[in-house]
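Values in this document were obtained by computation on a predicted structure and should not be read as measured data. So that the names make sense, note that chain A is the first sequence line, chain B the second, and so on, each numbered from 1.
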Amino acid sequence: MADYKEIINQYKDLPGGIIEAYHALQKEYSFIPEDSIAYAAQVFDLPLAKAYGVATFYSYLKVGERGKNVIRICESAPCHVAGAQDVVNALEKELGIKMGESTADGKFALEFCECVGQCQVTPVITVNSKPYGDVTPEKIPGILGEYK
Amino acid sequence: MAEEMRIVLRNMGKIDPLNIDDYINAGGYKALEKARQMGQEALIADVRNSGLRGRGGAGFNCGMKWGFSYNVQADQKYVVCNADEGEPGTYKDRTIMENDPQSVLEGMAICGYAIGSNKGYIYCRGEYPYVVDILNKAIAQAKEKGVLGDFDIEVRMGAGAYVCGEESALIESIEGNRGEPRFKPPFPPVIGLWQKPTIVNNVETFANIPVIVEKGGDWYKAIGAEKYPGTKIVTLTGDVNNRTVFEVPTDTTIRQVIYDFGGGIKDGKNFKAVQIGGTSGGFIPESMLDTPIDFDSMSAIGATLGSGAVFVMDETRDIVNVVARIAGFFEHESCGKCSPCREGTKRIHEMMEKLDAGQGSSADLSLLERLGKVMSKACLCGLGQAAPSPVLTTLQNFNGEYQAKLN
Ligand SMILES: Cc1cc2nc3c(=O)[nH]c(=O)nc-3n(C[C@H](O)[C@H](O)[C@H](O)COP(=O)(O)O)c2cc1C
Ligand code: SF4
Ligand code: FES
């Protein structure tokens, strides 16, 4: 796994590049390692509180560990009425964890999100940002199988 | 039967979006050439004359906005394309960028020429990494061909904050900050990104520009509704037979959208409500379905065109439950900078959950209404101002649904 310092350094000359750096960290680790924030603050010449404030403002960014494959379930109104709750129940059952948790083997994280812009096929989930549409409880094992 | 009219989506399905030669062979980049021959002032005047109004929701005259930046003397100006598309139920900007990215780049370059800017940013939501890839490829091809001249375009990624669609919050985010809206004035066309004059336009707005420049403002303003001319891309979601995207003249009615394009309500059920403009839009009853979708007609019935999202609910849907979920959205997305929104969205959500659970009283309904009205005036940005709209419009148009759930 790449060193977080190397990743952050690649963005140091980009004006306002801290968010891009956080995206790059998350791409590598699936989350932003806690320690990397202090380093980012140093590289972008920001107070630590500010670097932390930016990282925690955005819901797509996650500070601190979570499972490698991030499953997000859209709960915006169109997905809500299309049966997002059934999908939540099926995912919780299949993975044996609750929303907001990660599996013990570190493979999966389960989160709510708002609309991901695929509302022609509600309800929608994403795994590592890849969208899956018209999701039903029956489809869950097959989707998860792609990541096991 | 109403018909589709493709101006923005003119190349959809006809060209390979990742092959710039296809775009050029279809007449692409001729408008940019023409714009440069017209000169800045004539160009801005013609865009203003076309009547094109921003497709991101606020409906401001595009050419007029460009004029503000053109008139400011500055060593640097910026063009920003708002591709944050966070409004639930909306997927039109994705559709444009996936099918014809070059049209957006060309529109931005024309704007750059008009205001005197050599640097553009596309702020694309973080949920669309696959669109970011398309955009980066398209930009690389345009640079290789040299079609953009000295105009440079860079893609920046959002990170899942709905409020960053608001232009000043978006600017904060490009600068690497928390995406909190700025106090206005000054407005971005005068003081924007890194304190420089900045035009922020929506993806759909930019994609309209090449055609308008090519065919002229007079041609454009004859299409659709008089005061909001042109077409609008609409995305249908919910209980309709065709959950799909299409482009229609702006004088198309809501009924035509739902029945002609959407194929009517699914499973032979009856219509109950439609929410237009995304999750901050008003809820519209059957009696108002013959309203045209243009900006002003929608405002006149207390609704909005917004992003063009059309969310249809059939007779079985529980309006109070849907509004409670929407209230949760706003509590989550409030940036917290101003108290009417930070506290208000939380209280609205609380009361809506209580009502949804059948534990509310009629006193709650009047409190909700008062709070909603205060928020729509007192909140700093459009998020908090529009957040009460689903509550207020359902209290008005679907009051029976609330009464039926009172304790
Ligand atoms: C909370 C909020 C969210 C917004 N989200 C978007 C968005 O996702 N895309 C967009 O183009 N405009 C959005 N806007 C409108 C922008 O502030 C701005 O008016 C628009 O980008 C200007 O471009 P236009 O004139 O081409 O519409 C949003 C506004 C608010 C208040
Ligand atoms: S209205 Fe809401 S989102 Fe807008 S600035 Fe105030 S707290 Fe932030
Ligand atoms: S509402 Fe769920 S993807 Fe848009």
Side-chain angles (χ1 to χ4, degrees), chain A residues 11-12 14-24 26-27 32 40-41 43-46 49-62 70 72 74-82 84-85 111-124 126 128-131 133-134, chain B residues 85-95 125-131 154 156-164 172-180 193-194 235-239 242-245 275 278-279 309 311-314 317-318 321-323 325-326 328-329 332-333 335-336 390:
Chain A
Y11 296 88
K12 73 171 186 297
L14 189 69
I18 190 166
I19 295 173
E20 292 289 320
Y22 285 153
H23 272 297
Q26 198 157 282
K27 205 167 172 186
I32 301 172
V43 167
F44 291 98
D45 197 17
L46 299 169
K50 194 167 170 206
Y52 201 82
V54 171
T56 52
F57 181 83
Y58 296 94
S59 64
Y60 195 77
L61 304 175
K62 165 78 169 69
V70 181
R72 308 182 91 203
C74 170
E75 60 169 345
S76 287
C79 281
H80 175 72
V81 303
Q85 190 56 46
E111 295 174 0
F112 278 118
C113 68
E114 296 292 351
C115 178
V116 295
Q118 296 286 345
C119 344
Q120 76 285 4
V121 286
T122 51
V124 179
T126 62
N128 305 332
S129 300
K130 181 181 168 189
D134 288 325
Chain B
E85 189 155 76
E87 194 61 79
T90 312
Y91 48 98
K92 70 181 180 78
D93 295 337
R94 171 173 64 78
T95 304
R125 65 185 310 211
E127 288 81 352
Y128 288 166
Y130 40 92
V131 175
E154 190 182 322
R156 288 293 177 93
M157 258 166 113
Y162 167 72
V163 70
C164 286
E172 287 290 326
S173 186
I174 295 181
E175 292 183 3
N177 303 322
R178 291 164 70 92
E180 292 174 1
L193 185 59
W194 289 300
T235 52
L236 266 173
T237 65
D239 301 317
N242 316 322
R243 290 171 295 171
T244 184
V245 52
Q275 186 189 28
T279 234
F311 170 42
V312 179
M313 285 151 274
D314 72 31
R317 298 303 177 191
D318 178 345
N321 175 266
V322 174
V323 177
R325 169 73 270 279
I326 290 172
F329 170 86
H332 181 250
E333 298 300 331
C335 83

**Asked** Under a 4.5 Å cut-off applied to non-hydrogen side-chain atoms, are Y130(B) and R94(B) in contact?
**Response** yes

Among the listed options [options], the residue most often paired with chain B at heavy-atom distances under 4.5 Å:
options                         : answer
G17(A), A82(A), P131(A)         : P131(A)
L46(A), T126(A), T56(A), V81(A) : V81(A)
C115(A), S129(A), A51(A)        : C115(A)
K130(A), K50(A), E75(A), E20(A) : E75(A)
L61(A), V121(A), I19(A)         : I19(A)

**Message:** What part of N128(A) gets within 4.5 angstrom of chain B, counting heavy atoms only: side chain, backbone, both, or neither?
**Reply:** neither

**Prompt:** Checking Q118(A) against chain B: side chain, backbone, both or neither under 4.5 Å from a heavy atom?
**Reply:** both

**Message:** Walk me through whether Q120(A) and T244(B) qualify under side-chain hydrogen bond (donor to acceptor under 3.5 Å, both in side chains).
**Reply:** CA-CA 6 Å; Q120(A) 76 285 4; T244(B) 184; over 6 Å; no

**Largest heavy-atom contact set with chain A, pairs under 4.5 Å, which of G179(B), G238(B), G336(B)** = G179(B)

Side chain, backbone, both or neither of [X] within contact of chain A (heavy atoms, under 4.5 Å):
X       : value
T90(B)  : backbone
E154(B) : side chain
V323(B) : neither

